[in-house]
Amino acid sequence: MSRAYTLSDGNSFYCSCERVFDARLARTPVIVLSNNDGCAIARTPEAKALGIRMGEPFFKIRDLCKSQGVRVYSSNYALYGDMPARVNTVYRGFSPRIEIYSIDESFLDLSDVREADRVTLCRDMRETVRAWTGIPTCVGIGATKTLAKLANHVAKKVPELGGVCDLTDPVQYDHWMARIPPEDIWGVGPPNARKLEALGCESVADVRDLDTRAVRKAMTVVGERLVQELRGMACLDLEEVAPTRKGCAVTRSFSDRVENLATMEQAVATHAARLGEKLRAGGLGTDHVTVFFHTSEHDRDRPQRSVSSVVTLPEASNDTLVLVKACLHGVRKTWRDGYRYSKAGVVTTDLVPLAASQRAFPGLGQLDRDHGAALMGALDACNRRFGRGSVVPGSAGFAPEREWSTKFDMRSPRYTTRVEKVPVVMAA
DNA sequence: TCTGGGGTCCTAGGACCC
DNA sequence: TCTGGGGTCCTAGGACCC
């Protein structure tokens, strides 16, 4: 039996999450904005039809949205983080071999399903997800992950297919490979699209038929792998176990420019605290953290400044108090007055499992991990129960009144994670 | 006069993804 | 006025070592 992968994803996923809890949004154009209400990052077909592009800055389309009745939402990560778990639970019922690829996309291995039954199974899966979670999806089937991705792309673009496209069917494969442009291939961005064009490719079929040495020369091993995948030779495995993450970052733009040190300290301390939470959730630690902040290139005629500073810890840690102290040191060391800063963040790389990490010598910077872990456990438990930020360190950087913010002016309720926000349904 | 070669590690930058 | 955030992988080139 031949190998087969599927890729399922949620249509206009964030918008669909909003629609699940507000029936008035059906058939209405809806968009969801990025952090700080900056850009459109999810659009329903109705919004796309109005010409709203992916990543378009909101201030450029504000008037259009108003005149066309587009419903606009800030990102509601509590909601968007909760819905995929429900969707994946449904997928697992159809195949135990699953790779959760992104917040709204999962690969399944359907190699054990008879070829003739695959499309039927995928239609059933779509309908079940729709019925149980309210999220509309599309499914692509292919002999490799790259082909499954391509099939998913076709399923989304061609409504007549009913949301499922099967590129393991030779007729479908030949038909679509000749009609899809190279830039729609997973892994081909604008620079590589130009290279493929220069190599004479007008369709995915042309890319598939390239000489592997030529494509390797132009696009390195990445390109060669891609060509093999298009030919049906799998180079990418299903990653059922998510690899441990290698880096972690918390960065935010400010709703208003920041011009004084105390405010910057508040923002960076908050980011550092969040970084600690994320590291603890994975049992990971770091022995160095980078703090950065910079002005905005959109502030023309203003002096520009961009700094980043690496602060080394005596040993790996994920203790919020340790991280905050280190990050504040980084800020103070590099701060300069006279600039209007637009963004700040804390970044770590080279994460290690904390339990197995090298200790410092006692007295030479060794941290009290037991005490710290107990304190952080209590902190995390409080914040899980009462909401993020309910309990913060009393240290520098945490003032009673926040002097900086990120914009979320149009956020919907936390329907799925706050009892008081659960929708009430009346039946007569 | 003749002026090595091969390996590792690290970093910055590019490209891509959602 | 207003332009996101968080990841991964690959390569080239320099530093360093024996």
Side-chain angles (χ1 to χ4, degrees), chain A residues 7-14 31-43 52-63 65-66 72-75 77 80-81 84 99-107 145-146 149 152-153 156 182-196 216-226 235-236 239 242-257 271 274-275 278-279 282 284 288 290 292 294-300 302 308 310 340 342-351 405-410:
Chain A
L7 178 73
S8 310
D9 76 338
N11 304 341
S12 318
F13 184 67
Y14 293 173
I31 63 171
V32 172
L33 302 177
S34 63
N35 266 318
N36 213 30
D37 293 344
C39 312
I41 53 168
R43 309 104 74 218
I52 298 174
R53 291 192 307 272
M54 182 68 181
E56 185 134 44
F58 179 52
F59 77 92
K60 286 189 181 169
I61 52 172
R62 189 187 295 267
D63 292 345
C65 290
K66 200 162 189 186
V72 182
Y73 288 89
S74 304
S75 289
Y77 292 111
Y80 311 152
E99 171 186 341
I100 297 168
Y101 171 66
S102 77
I103 193 160
D104 75 321
E105 292 171 276
S106 294
F107 288 101
K145 284 164 75 174
T146 303
K149 258 296 226 187
N152 173 276
H153 175 79
K156 268 189 290 198
E183 65 261 30
D184 290 349
I185 303 170
W186 183 40
V188 175
N192 280 334
R194 283 191 291 275
K195 284 178 188 163
L196 290 170
R216 185 177 185 125
K217 196 167 171 224
M219 294 168 57
T220 78
V221 292
V222 180
E224 186 174 349
R225 216 152 44 197
L226 198 140
C235 303
L236 307 172
E239 293 183 25
T244 55
R245 67 156 88 208
K246 300 179 173 172
C248 189
V250 180
T251 73
R252 291 287 179 278
S253 296
F254 300 119
S255 58
D256 300 299
R257 303 286 187 245
H271 297 344
R274 177 73 189 122
L275 181 74
K278 288 167 81 173
L279 294 181
L284 299 167
H288 57 275
T290 303
F292 77 84
H294 59 69
T295 53
S296 169
E297 38 187 60
H298 302 293
D299 284 354
R300 297 177 224 290
R302 283 281 186 169
S308 82
V310 182
R340 300 171 76 242
S342 66
K343 182 175 179 175
V346 295
V347 183
T348 61
T349 54
D350 310 305
L351 300 181
S405 65
T406 298
K407 259 197 276 189
F408 291 98
D409 289 343
M410 298 159 281

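Residue numbering restarts at 1 for every chain, and letters A, B, ... go by the order of the sequence lines. Every value quoted in this text rests on a predicted model; they were computed, and no experiment measured them.
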Would one find a side-chain N or O of [X] under 4.0 angstrom from OP1 or OP2 of [N]?
X      : N     : answer
A:R245 : C:dG7 : yes
A:K246 : C:dC9 : yes
A:S253 : C:dG5 : yes
A:R257 : C:dT3 : yes

Where the side chain of [X] is defined as all heavy atoms beyond and including C-beta, which of [options] is the nearest nucleotide?
X      : options              : result
A:A249 : C:dG7, C:dG4, C:dT3  : C:dG7
A:T251 : C:dG6, C:dG7, C:dC9  : C:dG6
A:T220 : C:dC2, C:dC10, C:dT3 : C:dC10
A:R62  : C:dC10, C:dT3, C:dC2 : C:dC2
A:R225 : C:dT3, C:dT8, C:dC10 : C:dC10

Hey, is the main chain of A:F408 close enough, under 3.5 Å, to the side chain of A:N36 for a donor-acceptor pair?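 Checked: no pair found.
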Encoded 5' to 3' (Watson-Crick or G-U under 3.5 Å; [ ] crossing; | other strand), DNA chain C becomes ....||||||||||||||
Taking the C1' atom of each, how far is C:dG4 from B:dC17, in whole Å?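 Approximately 15 Å lies between the C1' atom of C:dG4 and that of B:dC17.
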Review point. What is the nucleic acid contact for A:G247, judged by heavy atoms within less than 4.0 Å: base, sugar-phosphate only, or nothing?
Key: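 If one applies the 4.0 Å heavy-atom cut-off, A:G247 turns out to touch the sugar-phosphate alone, with no base involved.
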Quiz item: About how many Å separate NZ of A:K149 and CZ of A:F107, when rounded to the nearest 0.5 Å?
Solution: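 Between atom CZ of A:F107 and atom NZ of A:K149 there are 6.0 Å.
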Could you tell me the separation between the CG atom of A:L196 and the CD atom of A:E183, rounded to the nearest 0.5 Å?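 Spacing of CG (A:L196) from CD (A:E183) equals 9.5 Å.
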* Asked: Between A:K407 and A:K278, which has a closest nucleotide on DNA chain C that is more 5'?
  ->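 It is A:K407, whose closest nucleotide lies nearer the 5' terminus.
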Pick the closest DNA chain C nucleotide for A:C248 and for A:K60 by heavy atoms, then say which residue is nearer the 5' end.
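Per heavy-atom nearest nucleotide, the more 5' residue is A:K60.
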Check your understanding: Ion pair present between A:R43 and A:E56, side-chain N to carboxylate O less than 4.0 angstrom?
Key ->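 So A:R43 does not pair with A:E56 through a salt bridge.
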- [ ] Salt-bridge test for A:K246 and A:D350: reply yes if a basic N is under 4.0 Å from a carboxylate O, no otherwise.
- [x]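 Salt bridge: no.
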Return the set of residues passing side chain to side chain donor-acceptor pair (under 3.5 Å) with A:S255 (not counting sequence neighbours), or none when no residue passes.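 Only A:S405 meet the side chain to side chain donor-acceptor pair (under 3.5 Å) criterion with A:S255.
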* Should the pair A:Y80 and A:Y77 be assigned to parallel (<30°), tilted (30 to 60°) or perpendicular (>60°) ring geometry? ->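 Perpendicular, since the angle between the ring planes exceeds 60°.
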Just how far, in rounded Å, is P of C:dG6 from OH of A:Y14?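 In whole Å, C:dG6 P lies 12 Å from A:Y14 OH.
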Margin query: Whole angstroms only, please: what is the CG-P distance between A:D37 and C:dT1?
Written below: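 One finds 18 Å between P of C:dT1 and CG of A:D37, rounded.
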Can you check side-chain contact (heavy atoms from CB on, under 4.5 Å) on A:L33 and A:V72, steps first, answer last?
CA-CA 7 Å; A:L33 302 177; A:V72 182; 3.6 Å; yes
Each nucleotide of nucleotides 11-18 of chain B classed B (base within 4.0 Å of a protein heavy atom), S (only sugar-phosphate) or -, in 5' to 3' order, makes ----SSSS
